[in-house]
Amino acid sequence: MNPRQAAIEAARCLYCFDAPCTQACPTRIDVPGFIKRIMTANVRGAARVILDANILGESCGRVCPTEVLCEGACVMHEKGEKPIEIGRLQRFAVDHVLARKIRLIEPGKPNGRRVACVGSGPASLACAAELARKGFRVTLFDREELAGGLNTYGIAAYKTRASDSMREVELVSSLGVEFRQNTEIGRDVTFVQLEKDFDAIFIGVGLGETWAMDIPGEDLEGVSGALEWIEQTKMLPFSQVVVGRRVACIGAGNTAIDVVTAARRLGAEAVYLIYRRSEHEMPAFRYEYELAKKDGVNFLWQTQPVRILGTAGVVKGIECIRTQLGAPDARGKRAPEIIRDSEFSIEVDMVVRAVGQKPVTEFLLGVRGIELRKNGTVVTNDRQQTGNRKYFAGGDCVNGGKEVVDAVAEGMAAARGISAWLGVANPKPA
Ligand SMILES: Cc1cc2nc3c(=O)[nH]c(=O)nc-3n(C[C@H](O)[C@H](O)[C@H](O)COP(=O)(O)OP(=O)(O)OC[C@H]3O[C@@H](n4cnc5c(N)ncnc54)[C@H](O)[C@@H]3O)c2cc1C
Ligand code: SF4
């Protein structure tokens, strides 16, 4: 958007009282407030409203599923009109200040307290920034080379680039937050050490690698996890990304959609999305699905992979079987049942698993008082505090895998929780 387009779009806003868009945003950005500032050409003021509520306002403007959040709640729907393009306006305002390195957010007066954040993804970045603004000294530890978590390594390149994520890392760093990359907690630094050096510890470790499918042929060359493949698309020049001529992706969540659209855009001739339930049960957002349809992806519904076929250790196809949906269970979910003798094969040279991510929280089992759920997520109270009062947690490792904006909201809630628990009531600088 250029300034003129932004001003025209901003002028459509009705500036609702108790705005439903703000209520629908997990970080409760004052949406009418920032849009009004854009309309009056006060772009800095708009960015300040956004960053005050959400330090990752830039990436959220790019990656938020706005159709189901702020824009989905816009009253324009009731009038039969197009909702205000809140995500794009947000991006316009924050891009404006970050590109010019305009400093709007300042660190607070030092309060002498220290906090460690484990992980440097959106949850930890938001927690760290909010704490720094309250005067805490914060250190982030991350096992990866670059900070930013999935914002840097995982979210589809057509939505956001690693360089966009790094601009936000710089913003957080400008508040005096220290980053220690290539440092894995539990291996390179112990919890005993962290507890000695810090007054509170925030756990924002996200989720881990993609689950295996436990079918024969998964070890063939040409089979990979979704995350591992998407990381290549973010870190390498597009010309160096290895993509098959014919690609099958297993799963139907948003990650699967990212894989199939990226594979098509990188030149795959035929791309299949294989899902054992029907189109109606697919977990991906509708607009993401529409995007993949436009990209010419083939959808194989009610189809379950049986084995991956190979020659000389390399993928050459995938054998599948048809399914039908059984009666709804107690939760109303219809389990897929195999249709006997319905096997068929398709020729592919690349298979990508997009069947969810494993938890990475086992290393917390040694910390007294921290409780994990069956699925590995960390149990916290409404202040994001765990059963061990010194430890707080948020983001994917707590919510099981939602969106960037949810991780930001939980990171900020944890910062407020830590501040209250330590009895620090520093107001933010004006
Ligand atoms: C493929 C994909 C596409 C997505 N697309 C979108 C999208 O379009 N829009 C959207 O809003 N959300 C999207 N998401 C979800 C979003 O990326 C996550 O919700 C968000 O990144 C969660 O933030 P987090 O800080 O909890 O975890 P993460 O971003 O996963 O960060 C966790 C960090 O912790 C580090 N870590 C882990 N263990 C340790 C340890 N022991 N010691 C030190 N460091 C450790 C990791 O290296 C990582 O950097 C997507 C997710 C995936 C997988
Ligand atoms: S952070 Fe996301 S959900 Fe919230 S107003 Fe911005 S684009 Fe909408």
Side-chain angles (χ1 to χ4, degrees), residues 19 21-22 24-31 34-35 50 53-54 56-74 85-91 94 116-127 140-156 158-160 165 180-189 191 202-208 210 225-227 229-231 233-234 253-259 262 285 288 354 356-357 360-364 393-411:
C21 46
T22 294
C25 169
T27 54
R28 300 284 186 272
I29 290 179
D30 173 7
V31 176
F34 90 72
I35 292 184
I50 296 162
N54 179 339
L56 300 197
E58 185 206 25
S59 41
C60 285
R62 290 180 151 81
V63 308
C64 268
T66 51
E67 290 78 356
V68 294
L69 294 173
C70 51
E71 292 176 21
C74 180
E85 293 190 66
I86 299 167
R88 288 187 72 204
L89 286 172
Q90 177 169 317
R91 179 175 162 178
V94 186
C117 294
V118 185
S120 68
S124 292
L125 289 174
C127 181
L140 271 72
F141 297 86
D142 200 297
R143 60 186 182 185
E144 292 292 344
E145 194 180 334
L146 296 177
L150 288 177
N151 241 5
T152 302
Y153 287 102
I155 297 182
Y158 76 87
K159 291 184 191 163
T160 182
S165 171
R180 290 208 203 146
Q181 297 303 127
N182 298 311
T183 310
E184 182 169 334
I185 301 300
R187 189 193 64 185
D188 305 321
V189 178
F191 283 110
F202 174 75
I203 306 290
V205 292
L207 295 167
T210 316
L227 234 70
W229 185 70
I230 289 173
E231 188 175 320
T233 67
K234 301 268 298 191
N254 294 316
T255 300
I257 299 286
D258 284 349
V259 169
F285 292 128
E288 300 248 6
Q357 293 172 257
V360 285
T361 44
E362 219 179 274
F363 77 122
L364 292 170
D396 281 1
C397 69
V398 170
N399 63 39
K402 286 187 171 178
E403 311 298 327
V404 170
V405 68
D406 298 288
V408 171
E410 290 172 23

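In listed order, ligands and their atoms are each counted from 1.
Of the protein's heavy atoms, Cys70 SG, 2.3 Å lies nearest to atom 8 (Fe) of ligand 2. Residue, atom and distance of the protein heavy atom nearest to atom 44 (N) of ligand 1 are Arg143 N, 3.2 Å. The nearest heavy-atom contact from the protein to atom 10 (C) of ligand 1 is Glu403 OE1, 3.0 Å. At the shortest separation from atom 15 (C) of ligand 1 among protein heavy atoms lies Lys402 O, 3.4 Å. Of the protein's heavy atoms, Cys64 SG, 2.4 Å lies nearest to atom 2 (Fe) of ligand 2. Scanning the protein for heavy atoms near atom 23 (O) of ligand 1, the closest one is Pro122 CD, 3.3 Å. Looking only at heavy atoms of the protein, atom 16 (C) of ligand 1 is closest to Val404 CG2, 3.8 Å. Taking atom 28 (P) of ligand 1 as the reference point, the nearest protein heavy-atom neighbour is Leu150 N, 3.9 Å. Looking only at heavy atoms of the protein, atom 19 (O) of ligand 1 is closest to Asp396 OD1, 2.9 Å.
Within the listing of ligand 1, atoms 41 (N) sit less than 4.0 angstrom from a heavy atom of Phe363. Ligand-side atoms of ligand 1 in range of Ile230: 1 (C), range being under 4.0 angstrom from any heavy atom. Residue Gly154 approaches ligand 1 through these ligand atoms, each under 4.0 Å from one of its heavy atoms: 1 (C), 2 (C), 3 (C). Atoms of ligand 2 lying under 4.0 Å from at least one heavy atom of Asn54, given by number and element, are 1 (S). Close contacts between ligand 1 and Gly204 involve ligand atoms 32 (C), 33 (C), 34 (O) [criterion: under 4.0 Å to a heavy atom]. The distance from ligand 1 to the heavy atoms of Glu144 drops below 4.0 Å at these ligand atoms: 47 (O). In summary, the atoms of ligand 1 found under 4.0 Å from a heavy atom of Gly395, numbered by their order in the structure, are 26 (O). Atoms of ligand 2 found under 4.0 Å from any heavy atom of Ile29 (numbered from 1 in listed order, with element): 1 (S), 6 (Fe). Each of the following atoms of ligand 1 lies closer than 4.0 Å to a heavy atom of Phe141: 43 (C), 44 (N). Annotation for ligand 1: atoms under 4.0 Å from non-hydrogen atoms of Gln357 are 53 (C).
For Ala123, heavy-atom contacts with ligand 1 shorter than 4.0 Å involve the backbone as well as the side chain. The backbone of Thr183, and not its side chain, has at least one atom closer than 4.0 Å to an atom of ligand 1 (non-hydrogen atoms only; backbone = N, CA, C, O). Residue Asp258 touches ligand 1 through its side chain alone, judged by heavy-atom distances below 4.0 Å. At a heavy-atom distance under 4.0 Å, no atom of Thr22 approaches ligand 2.
Comparing Ile155, Thr255, Val405, Thr160 against atom 6 (C) of ligand 1, the shortest heavy-atom distance belongs to Ile155. Taking all heavy atoms of Val63, Leu140, Asp142 into account, the minimum distance to atom 48 (C) of ligand 1 is reached by Asp142. Closest to atom 1 (S) of ligand 2 by heavy atom, among Gln90, Arg91, Glu85, Glu403, is Gln90.
For the pair Ser59 (side chain) and Ser165 (backbone), a donor-acceptor distance under 3.5 Å is absent.
In summary, Glu288 and Lys159 engage in a salt bridge, as defined by a charged side-chain N under 4.0 Å from a carboxylate O.
No heavy atom of Cys397 sits closer than 4.0 Å to any atom of ligand 1.
Of all non-hydrogen atoms in Gly148 and Leu125, the two that sit nearest each other are CA-CD1, 4.2 Å.
Between atom 4 (Fe) of ligand 2 and Cys25 there is an N/O/S contact shorter than 2.8 Å.
Counting heavy atoms of neighbouring residues, nucleotides and ligands inside a 6.0 Å radius, atom CD of Glu362 does not exceed 12 of them.
Here the CG atom belonging to Asn151 is positioned 6.5 Å from the CG atom belonging to Leu56, to the nearest 0.5 angstrom.
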